[in-house]
Structures are given as C-alpha cells and as structure tokens.
Amino acid sequence: MAPLSTLPEPDPGLGEYLYALVERLYPLCRSITGDGLRETLAIVSEYVPLAIREIPTGTRAFDWTVPKEWNVRDAYIKDSAGRRVVDFKQNNLHLVSYSVPVHKTLPLEEIKAHLHCLPEHPAWIPYRTAYYSEDWGFCLSHDAMQSLEPGTYEVLIDSRLEEGSLTYGEYLLPGRGKDEVILFAHTCHPSLGNDNLSGIALLVYLARHLTLGQRLRYSYRFILAPATIGSVVWLSQNSSGLHRIKHGLVASVVGDPGHLRYKRSRRGHAEIDRAALQALKDSGKKYEVLEFSPWGYDERQFCSPGINLPVGRLTRSPNGAYPEYHTSGDNLDFVRPEYLVDSLHIYTDVLRILENNCYFLNTSPQGEPQLGRRGLYRKTGGQQEIEEHQLALLWVLNLSDGKHSLLDIAERSGLSFKRLCRAAEDLLQCRLLTLAF
Ligand code: ZN
C-alpha cells in the first residue's frame, strides 16, 4: 500500500457554496452565549455532524467563569412620534452585545452616553460588546446620530441575562492515527461577514473536503466556539487530550480581498509554521508572515504559556487591519466567493503537507541509482516540467537518509512540496524509497 495520503484540490465552484452558508448565517444575532449561537451551530450541523456541548453558567475554566446566558427579543430607541430611530430588528449590530434590560424614557443628552458611532466612517454602524460589565448601549451610523433631534426618547432593551449555558460544537474526523490536527473558528459575532462567518464557512467546507482524502494520517478536530471564553472553556474541558494535538490553525477573516497572512505559533518554528510557510511560498501568490504575539484571535489561548500548542493562524487581512473590521461595512458585499475558495485551497495545501511530511530511506544510496532503466525520467511534459521532476527525484534520493523529512527537502531544494511528493511517489513505486518510520 502506498504510504502517502491523498487530498484532492477543492473544486473552484465551491466558493459559491461557502458564500451561501455565510449568507444564511448572516442575519442571526450571535454572541458568546444564547440562542443565536445555538441556531448557528444547528445550521452547521446540517453540513457536518457536530457534537454540541452546553457548559453551564458558573462553570470554572482556568481563570475564567462561564457567564450568564444572554438573549434578546427586541431593542429600539423611539422618538416622541413613536418612530424607531434605532432598531435592533433592522440590524442586530445596533444593540451593544450583552446589554442589560432597560425600559426608560430619557432626554437625548442622557442617551448619548450610551451611543456609539464612527465619525471617520459616517455610514457604518460599529460593533460593540459589554460582555463582562453590566452596561447597555446602542450603535448607529454617524449620519443617523447627527440626525437625532433634541428631545426625549423611549429606550427599550428586551433582553435576558440569566443562568443558562455556553454552547460550542466540535466534529472529529478520524484518520489512521489518534494524533490530531485542530481547526478552530470563533462563532460569537452577529451580522459580520469576514470576521467571523468566513471562518465558520471555511471550516465547514474543509471538513467536508477532507472526507474525500484517502489514507489520512491525522484525525481532524473542528472546533466552533465563541472567541476567548469559548477556547478557554474548550481547553479546560479537554485538558486530558491535549497531548494528541500535533498541529493546529485558527481560521477567520478568510473571505476578503487582502492577501494571505500566516501568524506563527508561539513555538515559532513548529511543523505547522513550516508547513504553512511552504504552502504559501508554493502558491506563488503574495503573502506575509507575522511573528507570534499574544494578541489577536484564539491562538492567544492555544499559545498561552501553560498550553503552548503548535497552533498558528491563517487569515487574509488580519483583525483590526482593514477599515470594515467590526463595523456594518464587514457585510455580504465585503466577503467574496473567490477569496473564500482561495483560502480553502491554501488550507488544503497546508494539510496536505502535514499529511505527507514523512521521512524516507533511499534503498540504493551508494552512487546514484540508474533512473532511466526504471523509467523514472519522464519524457512527456514541457522542458521545465521534465527538468524539475528529475531534479526532485535526485533531491529526494539524496536527502532520504531517514534524517530529512519531505519538508526539510523542500526547504533545502527550493522545489515545491507537491513536486517532491510526486517524485517520492514515483520512487516508492519502483522501491528506490521506503518509509523510514
Ligand atoms: Zn472580531
């Protein structure tokens, strides 16, 4: 049996399906707990068989505690004529997430202390949260703020903050072994497209795509949980199994036009870091590598010093680095199918490298083996194709002494991982190569 795993290229047409899922999830009012989050995971379960976990309010998770569950039925600000001048039902970004219940009539001046807008982008509604402070507020465009007349307004926030639970979902796709690759996306943002619905859609289609793989070496665990508290809770609930995690990636902001950016794990040069860099280099497209910092998404928790897992982050424009970030500008027009599928390609390439980063032994290491006699010199294809394949055969044979992995050979030779993989397959076929271990 050939030892290498196979994972086909994703179909370029998948971009439309990824986008359709983003579109479907977009209207839901998600937060770090509550029914919008549950409904999101229920929809995802139609695509992949998620195991849904409910962790009760008050559960300790390292230095954190699962908060009260938040749900909202309605919220608005009404003028004296009874018109809703700010309406949660029209856009869920209008309400500060985790706002406590309020029903008051107040003068505009008093309400203003609870209003948020973005003068630098006057048409956009900002996204704000009040998770761990008992507060309330509304977000609106600067233009809408300017148009509010002095006077009194009715403020209603029909929300509930009560004992409940935090919901997360996970899906384990078993491979040949128990060693795991984890893929994490946060699930707590309301109507925002790139951050974070693009990450959810990417993981859903990656999970489905991996089922087309053959002889997968790793088991793949997909985790969909709220940011920060969700990954902290997941880690604390699963601490006995963390030794099985060999590699991981945090996915979000993968649907915008920006180029791909890989943020290294805390370890800096873990196999996942090298695999991601190799895949990006091989893509021939523009990319950027960011050093680790304890800021960003849930890689902060996976890379906290007491956990220190080899988990990097692969995004397009990073958090905070594009103007639409955390505003109503991050909408269904900002996310595009072609960028979603381009990101899916790179994720697939990274996983293919991890799957096939094996150590081999050259079975005829004294002098070069005669390749022509074994039909290994390809005669078809362009001149460059033929030459590169020959070079790849020679590099794999030369460094396959049981001490160099295929990724080592890629880094040293400058050849693409796919090229070296094809050479290794040919050499395995004619028994000039065997798996070292
Ligand atoms: Zn965010």
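Numbering of ligands and ligand atoms starts at 1, following listing order. Predicted model only: the values in this text are computed from it and were never measured.
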Mind checking what makes side-chain hydrogen bond (donor to acceptor under 3.5 Å, both in side chains) contact with R352, not counting sequence neighbours?
E9, D349

Rounding to 10°, state the angle centred on the Zn ion (ligand 1) that links NE2 in H189 with NE2 in H326.
100°

Are H247 and Y218 close enough that their ring centers fall under 6.0 Å?
yes

Check D195 and report its N/O/S atom nearest to the Zn ion (ligand 1), by atom name.
OD2

What do the steps show when you test Y76 against E154 for side-chain hydrogen bond (donor to acceptor under 3.5 Å, both in side chains), and what is the final call?
CA-CA 8 Å; Y76 58 75; E154 179 193 350; 3.1 Å; yes

Do any of the N/O/S atoms of H186, backbone or side chain, fall under 2.8 Å from the Zn ion (ligand 1)?
no

Going by atom type alone, with no hydrogens or angles, which donor-acceptor pairs under 3.5 Å involve a side-chain atom of residues 128-137 and a protein atom two or more places apart or on another chain?
residue, atom, partner, partner atom, Å
Y131, OH, Y127, OH, 3.3

